[in-house]
Structure formats: C-alpha cells, structure tokens
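Report on one structure; see the data block that follows.
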Amino acid sequence: MKSAVETLNPTRVRLTVEVPFEELKPSLDAAYKKINQQVSVPGFRKGKIPARVIDQRFGRGAVLEEAINDALPKFYTEAVNEGELNVLGQPDVDITEFNDGDELKFTAEVDIRPTIEIPDYTGIEVTVDAIEISDEDVDKSLEQLRERFASTSPVERAAAEGDVVVIDLEASVDGEVLEDGVAKGVSYTIGSGQLLDGIDEAVTGLEAGGTATFTSELKGGSAAGQDASVKVEVTAVQARELPELDDDFAQLASEFDTLEELRADSVKRLTRIKQYDQATQAQEKVLDALLELTEVPLPEKLLKDEIETRTHNLEHHQFEPMGLTWESFLEREGKTREEYDAEVEEQSKKGIKTQFVLDELVSKEKLSVNQEELTEHLMRRAASSGMSPDQFAQAVVEGGQVPLLVGEVARGKALAVVVEAAKVVDTNGEVVDLEDDEDETGETVEAAAEAVAEDESTEA
C-alpha cells in the first residue's frame with residue numbers, strides 16, 4: 001500500500017491511497033465466507049458454496065463491494081498512522097479508481113488537530129476580587145443557620161409570609177383534573193418561591209379550611225409548559241419560630257460553647273469559600289488570557305458538530321424537564337434566536353480552543369495522571385452528579401469514558417501550571433498566593449482548575 005498526504009488547510013488533509021489488488025485478498029476471502037453464511041444454493045451445504053457459484057448466482061460485483069467495505073477502514077487507518085496524523089471525526093472517503101484485478105485507489109478527507117505554538121505565558125497578569133468578609137456576611141450566614149434550626153407550631157389565624165402552611169393541591173387543564181396534578185399534605189413556606197408561581201398570593205390571608213384558585217404555568221409533569229387552574233386548600237397554618245442567637249444556640253448548632261466562637265468560625269468558613277471562588281476566578285481569567293495569546297485554527301466541521309450538539313442537548317434534554325419551548329426559553333433569557341446562536345458559536349469556539357491548547361500544554365510539559373489523582377477527580381464528579389462513587393465509576397467504565405476523565409485531570413493540571421506562572425493580584429493591589437487556597441471540603445486549587453478546564457473544554 002502507498003499513501004500520500006496533502007494539506008488542504010491547517011485543520012484538514014486529503015489522503016491519497018493506492019492498494020495493490022493482492023492486498024485485498026484477505027478481505028475477498030472474508031467476503032466469500034460472509035456471503036456463504038447468508039445465502040442458500042440448492043445442491044450445496046450452507047457455508048460450502050464454491051466461489052465461482054457465488055459469482056454466478058450473486059455477481060462478482062457484490063463480493064468486491066463487500067470486500068472493499070471490509071478493507072477500507074484498515075487501509076485508511078494504516079495511511080493515518082503512516083502520515084502520523086492526529087485525526088478528528090470521520091473521514092469523507094471517495095473511491096477514485098477500481099477494477100477487478102487492478103489496484104484500489106481512494107481518497108479520504110479528514111479534519112486534524114492543528115499544530116499549536118504555545119506562547120510564553122509567564123507574563124500573564126490578572127486581577128481578581130479581594131477577599132472581604134463584612135459583618136453583614138457573617139450575620140447572613142448565622143441567620144441561615146438559625147433557619148435550619150427553626151421550629152413550627154400551629155396557630156389559629158390567617159397565613160402570612162414566613163408561615164408554613166399544609167396544603168392540598170388540585171391542578172386542572174381545560175376543566176380536566178390531571179392524574180399527576182393532585183397532591184395532599186404538602187408543607188410550604190410562604191415566600192420561599194419553591195412551588196408554583198402565584199401560590200404565595202393565593203394562600204396569604206387564608207386560615208385552616210380556606211380555599212383559593214389561581215392560574216399557574218406547570219413546570220413539570222404530563223402538562224409541563226401549560227397554564228393550569230390550581231385549586232389550593234389550606235389544612236393547617238404553622239408559625240415558624242427561630243431560636244435566639246446566643247450561647248445556647250451556638251452549643252445547639254455547633255461544637256462551640258459561645259456565640260463569639262461560632263461567629264469567628266463563620267468568618268473562617270466564609271473566607272475559605274471566597275478563597276476558592278477567588279482561585280476559580282483567577283483560573284478563568286488566566287485561561288482567557290492564554291487563549292487570547294494563542295493562535296488556534298478551528299476545524300469547520302468540528303465547530304459545526306459542536307454547535308449542533310450543544311443546541312440538540314438543550315432542546316432535547318433540558319427543555320422537557322423544565323417545561324420549556326424555544327419561545328419560552330428565549331423569552332426567559334431575554335434573547336433572540338440569532339443572539340442565542342451567536343452565543344453558542346462563541347462558547348463552542350472557546351471550548352474547542354481550550355481543549356486544543358491545554359492538550360498541547362499537557363504534551364509540552366509532559367504531564368501525566370496517576371491513579372490517586374484520577375480517583376479524587378472521579379469522587380468529585382460523582383458528588384456533582386448525585387451518584388455514589390461506585391455507581392459513577394461503573395457507569396464511566398461501562399461507557400468507555402475513562403480516557404475522558406483522564407483528559408479532564410490532565411487539562412486541569414496544565415491550567416494549574418499556567419496559573420502558577422501567572423501574577424495574580426486582587427483589587428486592593430495585593431499579590432494573591434493561590435498555593436495556600438483550600439476550601440472547607442479539602443478541594444485544592446488544582447481541583448478548581450480541573451473544574452474550570454472541564455467547564456470550558458469540549459469532547460474534541
């Protein structure tokens with residue numbers, strides 16, 4: 001077999017391949033054997049039909065077609081390896097010349113990863129938000145903790161904002177009660193915004209036994225996205241009582257003996273959270289700066305496929321659970337379809353560039369991923385997916401996704417290398433040492449870099 005590579009542009013090549021007829025013999029033998037197993041000819045046992053009989057009965061052309069279909073992937077792969085090409089996606093193959101007994105000639109056009117020159121990134125400098133913890137931040141944190149320890153008690157009065165009401169719901173569309181539109185004994189905190197639009201206004205002012213009807217767009221279920229008439233009956237009204245913010249509360253809600261100690265711990269916890277947010281902000285800005293410095297040609301077909309994939313996932317995997325249509329989605333986002341399409345194109349370009357650049361950095365810096373790093377990343381991914389680590393690991397292995405996870409970790413390490421070389425200052429002009437930033441769950445800056453790289457990259 002002979003092959004040649006012609007560069008069409010920085011991201012696409014044409015392979016020209018010539019295969020002597022004798023090299024097709026294994027595929028021809030396999031074609032005769034396959035056809036032998038599929039057909040019956042009177043006078044011959046199945047699988048024992050001579051090749052000349054198959055040619056007579058079914059035509060030599062059918063055998064040659066089967067043989068070529070079997071052989072093309074193998075010879076294409078050999079040509080790719082011979083040309084040392086890093087191909088993307090499936091090739092467009094064209095058989096240019098073939099006659100029985102003569103050599104097979106074909107061309108294959110395919111996208112390739114572009115050659116990328118990583119620039120000197122040691123001069124990158126970014127500014128991030130300074131870490132400032134105000135008394136209001138601490139007060140809000142403690143108030144949220146008080147909410148978790150709130151108690152309720154029945155009251156004989158009209159329901160008001162902040163009360164917990166126990167309600168029965170019945171939703172109807174076009175006068176018909178929905179099978180999945182009935183719920184009883186639902187506890188709801190007025191003003192929380194965690195149920196149907198319009199329910200706060202409907203139940204406010206009702207006492208136990210009171211009813212009201214309101215119209216609301218259903219967010220899920222059999223009639224998702226439709227307006228329903230919802231009947232609500234209040235069966236109980238309960239007042240929420242928050243514990244006093246004192247030393248007794250500190251002992252109830254934490255391991256501390258005094259409120260002062262609890263406040264001090266809240267400051268530490270909020271600081272760790274903002275340090276992690278600061279690290280993530282730094283990584284995002286450093287990545288943007290690196291991409292701005294790097295020239296990355298984009299394969300047109302890969303970009304087109306990525307845009308289509310993102311749009312398909314939105315339309316077919318997010319719209320239905322959220323009860324959305326294109327019209328309601330665009331209205332919610334405050335965008336036209338043209339603006340949405342332009343935004344997705346920019347996101348896709350950035351995702352592809354991110355993966356190309358970080359993969360090149362992995363190669364340049366000779367970065368590798370060990371088992372401990374992969375396990376830690378798997379645990380984080382499992383937590384964010386809502387699956388147990390064992391379930392997530394099994395799904396990853398069965399889906400052949402292990403290389404993808406290895407790539408995510410490696411790209412995170414590559415981004416961490418660039419961030420380490422960059423100068424990061426906060427809005428107060430102070431140099432930020434990201435090496436010491438670690439949040440309360442033990443996630444390091446490198447883990448945050450993995451998350452940023454994962455969010456921005458695509459499966460190129």
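Side-chain contact check for Glu6 versus Thr107: every heavy-atom pair is 4.5 Å or farther apart. Put simply, the side chain of Phe214 reaches to within 4.5 Å of the side chain of Val230, judged on heavy atoms. Counting heavy atoms from C-beta on, the side chains of Ile131 and Gln275 come closer than 4.5 Å. Two residues are said to be in side-chain contact when any heavy atoms from C-beta on lie closer than 4.5 Å; Val63 and Tyr32 meet this criterion. When side chains are defined from C-beta on, Val397 counts as touching Val402, because their heavy atoms get closer than 4.5 Å. In this structure, the side chains of Leu434 and Val432 come closer than 4.5 Å at one or more pairs of heavy atoms. Using a 4.5 Å heavy-atom cutoff, the side chains of Phe356 and Thr294 are not in contact. Contact annotation: the side chain of Leu291 never approaches that of Val296 to less than 4.5 Å [non-hydrogen atoms, C-beta and beyond].
Nearest heavy atoms, Ala130 versus Thr427: N-OG1, 3.3 Å. Across every non-hydrogen atom of Ala410 and Leu367, the tightest pair is O-CD1, 4.3 Å. The nearest pair of heavy atoms linking Gly83 to Val5 is CA-CG2, 4.3 Å. The two residues Ser216 and Asp197 make their nearest non-hydrogen contact at OG-O, 2.9 Å. The nearest pair of heavy atoms linking Leu404 to Arg411 is O-NH2, 4.3 Å. Nearest heavy-atom pair, Ala414 versus Leu358, reported as atom, atom and distance to 0.1 Å: CB-O, 3.7 Å.
Checked for salt-bridge contact, Lys33 and Asp29 miss the test: no charged N lies under 4.0 Å from a carboxylate O. Residues Glu346 and Lys350 are not paired through a salt bridge, judged by the lack of any N-O separation under 4.0 Å between the basic side chain and the carboxylate. A salt bridge links Glu306 to Arg310: one of the charged nitrogens lies within less than 4.0 Å of a carboxylate oxygen. We find that Arg113 and Asp359 are joined by a salt bridge, their nearest charged nitrogen and carboxylate oxygen being less than 4.0 Å apart.
Ser363 contributes no side-chain N or O that, together with a main-chain N or O of Glu360, makes up a donor-acceptor pair within less than 3.5 Å. The backbone N or O of Gly191 lies less than 3.5 Å from a partner atom in the side chain of Asp200, making a donor-acceptor pair. Of the possible polar contacts, one joining the Glu23 side chain to the Met1 backbone as a donor-acceptor pair under 3.5 Å is found. Checking side-chain atoms of Gln194 against main-chain N and O of Ser192 turns up no donor-acceptor pair under 3.5 Å. The closest donor-acceptor contact from the side chain of Thr11 to the backbone of Asp111 lies at 3.5 Å or more, if one exists at all. Under a 3.5 Å cut-off, the side chain of Thr96 and the backbone N or O of Lys105 do form a donor-acceptor pair. Judged by distance alone, the side chain of Asp137 and the main-chain N or O of Ser134 form a donor-acceptor pair under 3.5 Å. Using modelled atom types, one side-chain atom of Lys413 and one backbone atom of Ser368 make a donor-acceptor pair closer than 3.5 Å. A donor-acceptor pair is defined here as one N or O able to donate and one able to accept, closer than 3.5 Å; such a pair exists between the side chain of Glu339 and the backbone of Thr336. Asn370 places a side-chain N or O within donor-acceptor distance of the main-chain N or O of Glu372, the cut-off being under 3.5 Å.
Between the side chains of Asp227 and Thr215, no donor N or O sits under 3.5 Å from an acceptor N or O. Between Asp390 and Ser388, the side chains place no donor N or O within less than 3.5 Å of an acceptor N or O (distance only, hydrogens not considered). Using a 3.5 Å distance cut-off with no hydrogens or angles, the side chains of Asp277 and Thr280 do not pair a donor with an acceptor.
Under the ring pair (Phe, Tyr, Trp, His ring centres under 6.0 Å) criterion, Phe319 pairs with Trp326, Phe329, sequence neighbours left out.
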*Go through Asp433 and Val431 one step at a time and tell me if the side chain to side chain contact (heavy atoms under 4.5 Å, CB included) criterion holds.*
CA-CA 6 Å; Asp433 183 6; Val431 175; 6.0 Å; no

*Would Lys349 and Glu345 count as a salt bridge (charged side-chain N to carboxylate O under 4.0 Å, His left out) if you check the C-alpha gap in whole Å, the side-chain angles of each, and the deciding distance to 0.1 Å?*
CA-CA 6 Å; Lys349 286 179 178 178; Glu345 182 175 352; 3.5 Å; yes

*asked:* Let's go through Ser141 and Leu270 carefully: what are the C-alpha distance in whole Å and the side-chain angles of both, what is the deciding distance for side chain to side chain contact (heavy atoms under 4.5 Å, CB included) to 0.1 Å, and is it a yes or a no?
replied: CA-CA 8 Å; Ser141 174; Leu270 290 171; 4.2 Å; yes

*Go through the steps for Phe21 and Leu28 under the test side chain to side chain contact (heavy atoms under 4.5 Å, CB included), then give the verdict.*
CA-CA 10 Å; Phe21 188 79; Leu28 272 171; 3.6 Å; yes

*Apply the test side chain to side chain contact (heavy atoms under 4.5 Å, CB included) to residues Ile68 and Phe106: give CA-CA distance (whole Å), side-chain angles for both, the deciding distance (0.1 Å), then the verdict.*
CA-CA 11 Å; Ile68 290 174; Phe106 70 91; over 6 Å; no

*Kindly indicate, with the supporting measurements, whether the criterion salt bridge (charged side-chain N to carboxylate O under 4.0 Å, His left out) is fulfilled by Arg12 and Asp92.*
CA-CA 11 Å; Arg12 195 165 178 84; Asp92 295 323; 2.9 Å; yes

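If you take CG on Leu314 and OH on Tyr340, they are separated by 4.5 Å, rounding to the nearest 0.5 Å. One finds the CD atom of Glu176 at 9.0 Å from the CG atom of Leu178 (value rounded to the nearest 0.5 Å). In this structure, CD in Glu284 is found 9.5 Å from CG in Leu415, a value given to the nearest 0.5 Å. From Thr311, atom OG1 reaches atom NE2 of His316 across 9.5 Å, with rounding to the nearest 0.5 Å. To the nearest 0.5 Å, atoms CG (Leu24) and CG (Leu104) are separated by 5.5 Å. Between the CD atom in Glu333 and the OG atom in Ser328 there is a gap of 10.5 Å [rounded to 0.5 Å].
Summarising the local packing, NZ of Lys364 is surrounded by more than 12 heavy atoms from other residues, nucleotides or ligands at distances under 6.0 Å. With a 6.0 Å radius and a threshold of 12 heavy atoms from other residues, nucleotides or ligands, Met379 has its CE atom at or below the threshold. Other residues, nucleotides and ligands place more than 12 heavy atoms under 6.0 Å from the CD atom of Glu315. Taking a 6.0 Å sphere around NZ of Lys231, one finds it holds 12 or fewer heavy atoms contributed by other residues, nucleotides or ligands. Atom NZ of Lys184 has 12 or fewer neighbouring heavy atoms from other residues, nucleotides or ligands inside a 6.0 Å radius. No more than 12 heavy-atom neighbours from other residues, nucleotides or ligands sit within 6.0 angstrom of CD on Glu300. For CD of Gln90, the number of neighbouring non-hydrogen atoms (other residues, nucleotides, ligands) closer than 6.0 Å is 12 at most. Environment of CG in Asp174: sparse, with no more than 12 heavy atoms of neighbouring residues, nucleotides or ligands closer than 6.0 Å.
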